[in-house]
2 protein chains.
Amino acid sequence: MQDRRPPMGESLLFLTDDQLLQGIELMFFAYRGFTSDPDKILDNHTYGRAHHRAIHFVHRQQGTTVNNLLDILGVTKQSLNRVLRQLIDDGLVESRVGERDRRERHLYLTEEGIALESELSETQRKRMRKAYKAAGPDAVQGFRTVMENIMDPNMRRHVNTPKRD
Amino acid sequence: MQDRRPPMGESLLFLTDDQLLQGIELMFFAYRGFTSDPDKILDNHTYGRAHHRAIHFVHRQQGTTVNNLLDILGVTKQSLNRVLRQLIDDGLVESRVGERDRRERHLYLTEEGIALESELSETQRKRMRKAYKAAGPDAVQGFRTVMENIMDPNMRRHVNTPKRD
DNA sequence: AATTTACGTCAGTCTTGTTGACTTTCCAAG
DNA sequence: CTTGGAAAGTCAACAAGACTGACGTAAATT
């Protein structure tokens, strides 16, 4: 008589379609929760997720160029330009002409921009902190490993790498 | 002399703002990769992500009602109705009047609908399988735990629960 | 001098979300 | 049996944010 389970040498039970389906839905629901807090704040500022993304990456890489931002965000320049223009006009982002290469524009958050960034990221850090704390360090390491393998390899270089010591 | 590290009894280094920031960006980039494969397929069918979501959850819960779908997807009925109408008109989804409660509409995928669902989910399962395999079972368990803690608690009941024996 | 690069902008389209108003169907409680 | 309300569908208008395509300008590179 045969084993009723699918043919797998060791325990590869975590690779069944059912398990993968669960993973897919975890991605959907977790991402929804993850974006819900900032979305509420952004509503009050007549901004959207696109503004949040721009603010986030300008904050993390002050002085980044438009081209670099396009690479990270993966949208067209017209799309990015729209939100960037609003943020500049509203005084949240400053655009400075490059010194070495004057074609480039280097982007910086103003004080006001930093303030909104803090407000937005605080809600997300709070959610992440709660999840990390509840799951524990080993689970977090596993989470990281899986997430890095889900994303496109050439995007990994854009992910923040925490200082060790 | 004091410890130079922040005040934390044990090693809670995985809760620093830098670590949390990494987690936030992992969510962003992983979700982008995760949705990129289906998006390409959907383009050829003049459908979008909204259609994919509807198809996915109708498939997993054949016979589900519109109301239940609204609860899961978290959009307005007008928004859902638009994509559902297209899918019904195109013969991918069948809407049957409820027997017990004839106000309700029960939704089913047709053969054609199942075919598209398979095509879409196959690319996502492939990506998840690759990530799971590279990370290993323990990492996958950690991934699950963190993701469940990121999402809103009342959404957990909607996540597929794999059979254990 | 010619070409390429970086950026900005105008114009138009599409998907997907929203609100608000209104109708039809139908169950269930008074 | 009537009526209140829930479930579903529909129409209309609108906005965010993505897209394509074309064009312009300034600066760097070849």
Side-chain angles (χ1 to χ4, degrees), chain A residues 28 31-32 35-36 38-58 63-90 93-108, chain B residues 28 31-32 35-36 38-58 63-90 93-108:
Chain A
F28 173 66
Y31 193 76
R32 262 248 309 255
T35 53
S36 63
D39 281 354
K40 284 174 209 146
I41 297 171
L42 291 158
D43 269 351
N44 308 331
H45 293 71
T46 62
Y47 290 146
R49 247 177 241 181
H51 302 85
H52 184 191
R53 290 196 282 264
I55 288 171
H56 174 97
F57 285 105
V58 170
T64 185
T65 63
V66 174
N67 248 2
N68 184 42
L69 217 48
L70 285 174
D71 188 31
I72 291 174
L73 298 175
V75 296
T76 58
K77 61 172 178 172
Q78 293 91 329
S79 196
L80 175 58
N81 187 254
R82 194 188 325 119
V83 305
L84 225 39
R85 178 109 322 272
Q86 290 178 270
L87 293 172
I88 291 168
D89 289 348
D90 294 353
V93 168
E94 195 192 333
S95 168
R96 297 184 206 155
V97 173
E99 290 187 1
R100 227 194 52 216
D101 187 335
R102 296 186 46 195
R103 289 171 305 179
E104 293 179 342
R105 299 290 181 277
H106 296 270
L107 305 169
Y108 300 85
Chain B
F28 173 66
Y31 192 76
R32 263 248 307 256
T35 53
S36 62
D39 281 353
K40 284 173 207 146
I41 297 171
L42 291 158
D43 269 351
N44 308 330
H45 292 71
T46 63
Y47 291 146
R49 246 177 241 181
H51 301 86
H52 184 190
R53 289 196 282 263
I55 287 171
H56 174 97
F57 286 106
V58 170
T64 185
T65 62
V66 173
N67 247 4
N68 185 41
L69 218 48
L70 285 176
D71 188 30
I72 291 174
L73 297 176
V75 295
T76 57
K77 62 172 178 174
Q78 293 91 330
S79 194
L80 175 58
N81 188 255
R82 194 184 324 120
V83 306
L84 226 39
R85 177 107 323 269
Q86 289 178 269
L87 293 172
I88 291 168
D89 288 348
D90 294 352
V93 168
E94 197 192 333
S95 169
R96 296 185 207 153
V97 173
E99 291 188 1
R100 226 194 52 216
D101 185 336
R102 297 185 47 195
R103 291 168 301 181
E104 293 179 345
R105 300 292 181 274
H106 296 267
L107 304 168
Y108 301 85

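Letters go in sequence order (proteins before strands), and every chain restarts at 1.
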Looking at dT10(D), I'd like to know if its phosphate oxygens (OP1 or OP2) sit under 4.0 Å from a side-chain N or O belonging to Arg85(B). yes

So does Thr76(B) get a side-chain nitrogen or oxygen closer than 4.0 Å to the phosphate oxygens (OP1/OP2) of dG17(C)? no

Both Ser95(A) and Leu80(B) contact DNA chain C. Taking the nearest nucleotide for each, which residue is further toward the 5' end? Ser95(A)

At less than 4.0 Å, is any side-chain N or O atom of Arg103(B) found next to OP1 or OP2 of dC27(C)? Yes or no. no

Rounded to whole Å, please give me the gap between CZ in Arg100(A) and P in dA6(C). 11 Å

With respect to the phosphate group of dG9(D), does any side-chain polar atom (N or O) of Arg105(B) fall under 4.0 Å of OP1 or OP2? yes

Could you check how far NZ of Lys77(A) sits from C1' of dT25(D), rounded to whole Å? 11 Å

d(Ser95(A) OG, Leu84(A) CG) to nearest 0.5 Å is 7.5 Å

Nucleotide dA6(C), atom P - distance to CG of Asn81(A) in whole Å: 16 Å

Classify the side chain of Gln78(A) and the base of dG17(D) as holding, or not holding, a donor-acceptor pair under 3.5 Å. no

Using OP1 and OP2 only, check whether a side-chain N or O of His51(A) sits under 4.0 Å from dA16(D). no

Look at Arg82(B) and dA12(D) and indicate whether a side-chain polar atom (N or O) is within less than 4.0 Å of OP1 or OP2. no

Could you check if a side-chain atom of Glu94(B) sits within less than 4.5 angstrom of a side-chain atom of Ile88(B), using non-hydrogen atoms only? no

Check this one for me: any side-chain N or O of Asn67(A) less than 4.0 Å away from OP1 or OP2 of dT5(C)? no

Looking only at atom types and distance, does a side-chain atom of Arg32(A) sit under 3.5 Å from a main-chain N or O of Leu73(B), one as donor and one as acceptor? yes

Want to settle it: does Thr46(A) or Arg102(A) sit nearer the 5' end of DNA chain D, counting the closest nucleotide to each? Thr46(A)

Could you state the atom-to-atom distance from CZ of Arg53(B) to P of dT16(C) in whole Å? 8 Å

Rounding to a whole Å, what distance do you find between Ile88(B):CD1 and dG9(D):C1'? 10 Å

Nearest-Å distance, CZ (Arg49(A)) to C1' (dA15(D))? 15 Å

Donor-acceptor pair, Arg105(A) side chain versus Arg103(A) backbone, under 3.5 Å? yes

Once you round it to whole Å, what is the distance between C1' of dA18(D) and CZ of Arg32(B)? 13 Å

Nearest heavy-atom pair of Ile72(B) and Phe28(A): which atoms, and what distance? O-CE2, 4.3 Å

Rounded to whole angstrom units, what separation is found between the OH atom of Tyr47(A) and the P atom of dA15(D)? 17 Å

